[in-house]
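Written out below as structure tokens is the structure these notes cover.
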Amino acid sequence: MRDVKAGSSEYITLVSNDGFEFKIQRSSACISGMIKRMLDPNGGFSESTTNVCKFSEINGIVLEKVCEYFYYNEKHKDSRDVPDMDFPPELCLELLMAADFLDT
Amino acid sequence: MSGRRGVNTVRGPQSALTSFLAANNISAAQIAEDYRRRRAADPGEGPSTAAPTQDQDEALAAAAQAEEDEKKTKKRKRKEEDAIDEIKKAKKAKGGKAADKKEKANAKKKAKKANPDLDDSDEEDYDIDYKKAKPAPGQFEHCESCNKRFTVTPYSKEGPDGGLLCTPCGKEMTKDLKKEQKALQPKAAAGKRRRKVESEKLDGVSTGGAKSLVQLCLQRVAQHHDDVEELGDLPPKLLERLSEIFSKKRVMKPKTLPLFLRPDLDSVVVHDAAYLEEEDYLQMFSVVPNMKKLVLSNTCQLKDKSMDYMLERCHELRHIALYAANLVSEEMWHRLFREAGAKLEVIKLKWLDAAFEDEAVRDMVNCCPNLERLKLKLCRRIGQDSIDSIAELPALQHLTLHIGREVSNDALINLIEKRGSLLETLSLEKFLDADDAVVEAIHDNCNRLSKLRLSENDTITDAGFTALFDNWSNPPLTFADFNSTRDVDNNNPTGPEEAVGLASSGFAALMAHSGPSLKHLDIASCRFIELSAFCDVFNGAQSYPALEYINISFCNKVDTSVVAGIFQSCPKLKSLVAFGCFDVDNVVVPRSIALIGVPRAQDAIIQQGMGIDVDEAVGRMVEVGA
């Protein structure tokens, strides 16, 4: 039985436009400024109560890479000489647009 | 007779034992040889070996023993040979057919030399003969991997199974091999990676921790610039950042330029147009006719024809920045100002050596009444007359000048008196003879300045600077750059009695006036600022809340306590540049601050603060210093 209180659940859900759902930690997701604002209880967005963020322009593959980036960023937050994350170049442009949209 | 030696060994009848041994790859002569050698090496081994009379059993036992040893050594030798063969094969994949044949012949010769009685020569011959004879160059052969027919050349590569590959498959194979070799090279890459990280920190790209996803993607796109066909719907800001990275990596070429040209854009920014030719400029102006902002650096190939087309197509130009456009003629500059001048608000021209005279500046002033920003740097042919013309620009708010020819102080004072009240930015670089009167004019006439640069000057005195900042009606500056304002006299290294350039009292006055809102401070090479002045300004108690960038390079009176004071006094500090400050050492850098240039051979050029607070860092430094 999970206690769902607004703004305090540890995991949140990101939904892509083709229906894939990704449950990731709140702290990682808030690396994106856009998601952080969406989930802010003071922002007045409905996402802050449901803890689900839908993205109608980002597809599943790109969203998966974005989630991978969130964890990669959090893991290397305090270290120096960090190796770059690897991703297929075909995904590059869509990932770039998604990253710009998410302010990350 | 000599030709016969060693070519065909004629054998006589053999005993059963010899046949048995031969069948098991053992040479009786070899055993005898080894045994004899061993006996010679160790004469006092025992009576059994010393005694010339041996039992038949003993002999057999000895022979069996020797046989075993022989087998082992042979096995080892065999293994060694196999290893050598493998290495050679790996190398062979690079080489061609001729090299192959030589290798095999060498291998055979070496084997024969090492073991002269090795009876494997027959087997080897048999092996080689069994393989298909390689076709000579000029003949047709089927490729091993794709089975296409192709003509054999001396350069045809060999495939993994020994057959020959056609040219495309051969190329692919070498590419694959090269990739494999690169993958097995972690040691060399480690040094390069470190250097890349440092270079990125200097560029301000990464500030510790992981890079942003946008940055990672931009780098990846720039890496694969050859394969990108279209950039889709990238927002203009990202497009500009991408064009910056392309320019930096020198891949902004005719092939990649179209990626950045879209009819709906209103600005074209190319920081490195060195590879672009006339057709590319024509394409630029035809695809983006509504451009308002045009920035072309290193536009060496921009000629009159392109400018003419631009004036014909683009009627919305507000912002023009052309650096190094040296093929544009004088008449064309006049035409530009006359035809497009009415709307122009920003003009930035640098590195014009061949044309662009004072008359052009006069035309500009006459035709561009709405000009707000003007930057004229390193234009070799303009001089004092241009200053007089610029003084008449009615709407000028931001002015940057770097003029090589002689300019009298009166002209400068005239300029400042006429335009000073509207100016928000004033940058006068390398006016070596500007004197205290100029600074006084700034004090008297400018009260809206937020960015002030007076660099590379050795005439203005410290007293002049102090007078500038004392009781100045101008609000605090956000950008102050006084680098290289000092007396330059090799015969007098400690400077004159009356300090010339920004020195202790001038510096103190500057910080007292602008401390509250100063963001960027550059006092590099102001080497006559005393240690006491630094300590007074950066004493830890006084706070400079907006200061993000400080450059104190070559102020050699600075020491570690000053740096500690800076860390404490500047909460928003992002980078501190301190090249040539030799009294600074043992610095512990707090979190998110980059310290650049502190000289110690073992440390990185950039010391990035990680994970500790300012107070802790300063505490540690004090401990070390004490």
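In the text below, chain A, chain B and the rest are named by the order of the sequence lines, each starting its count at 1.
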Separation of A:I31 CD1 from B:S212 OG (nearest 0.5 Å): 11.5 Å
Looking at A:I61, I want to see if its CD1 is surrounded by more than 12 non-hydrogen atoms of other residues, nucleotides or ligands under 6.0 Å. no
A:Y71 OH: over 12 foreign heavy atoms closer than 6.0 Å: yes
Using side chain to side chain contact (heavy atoms under 4.5 Å, CB included), reason through A:F70 and B:L213 one step at a time and then give a plain yes or no. CA-CA 9 Å; A:F70 287 149; B:L213 188 55; over 6 Å; no
Worked check of side chain to side chain contact (heavy atoms under 4.5 Å, CB included) between A:T104 and B:V214: CA-CA 7 Å; A:T104 172; B:V214 171; 5.6 Å; no
So how far is it from B:H224 NE2 to A:L93 CG, rounded to the nearest 0.5 Å? 11.0 Å
Under 4.5 Å to a heavy atom of chain A? For B:L238 that would be side chain
Would you call A:D86 and B:R220 a salt bridge, taking side-chain N to carboxylate O under 4.0 Å as the test? yes
Pair A:Y69, B:C217 - check side chain to side chain contact (heavy atoms under 4.5 Å, CB included), show working. CA-CA 11 Å; A:Y69 171 75; B:C217 291; over 6 Å; no
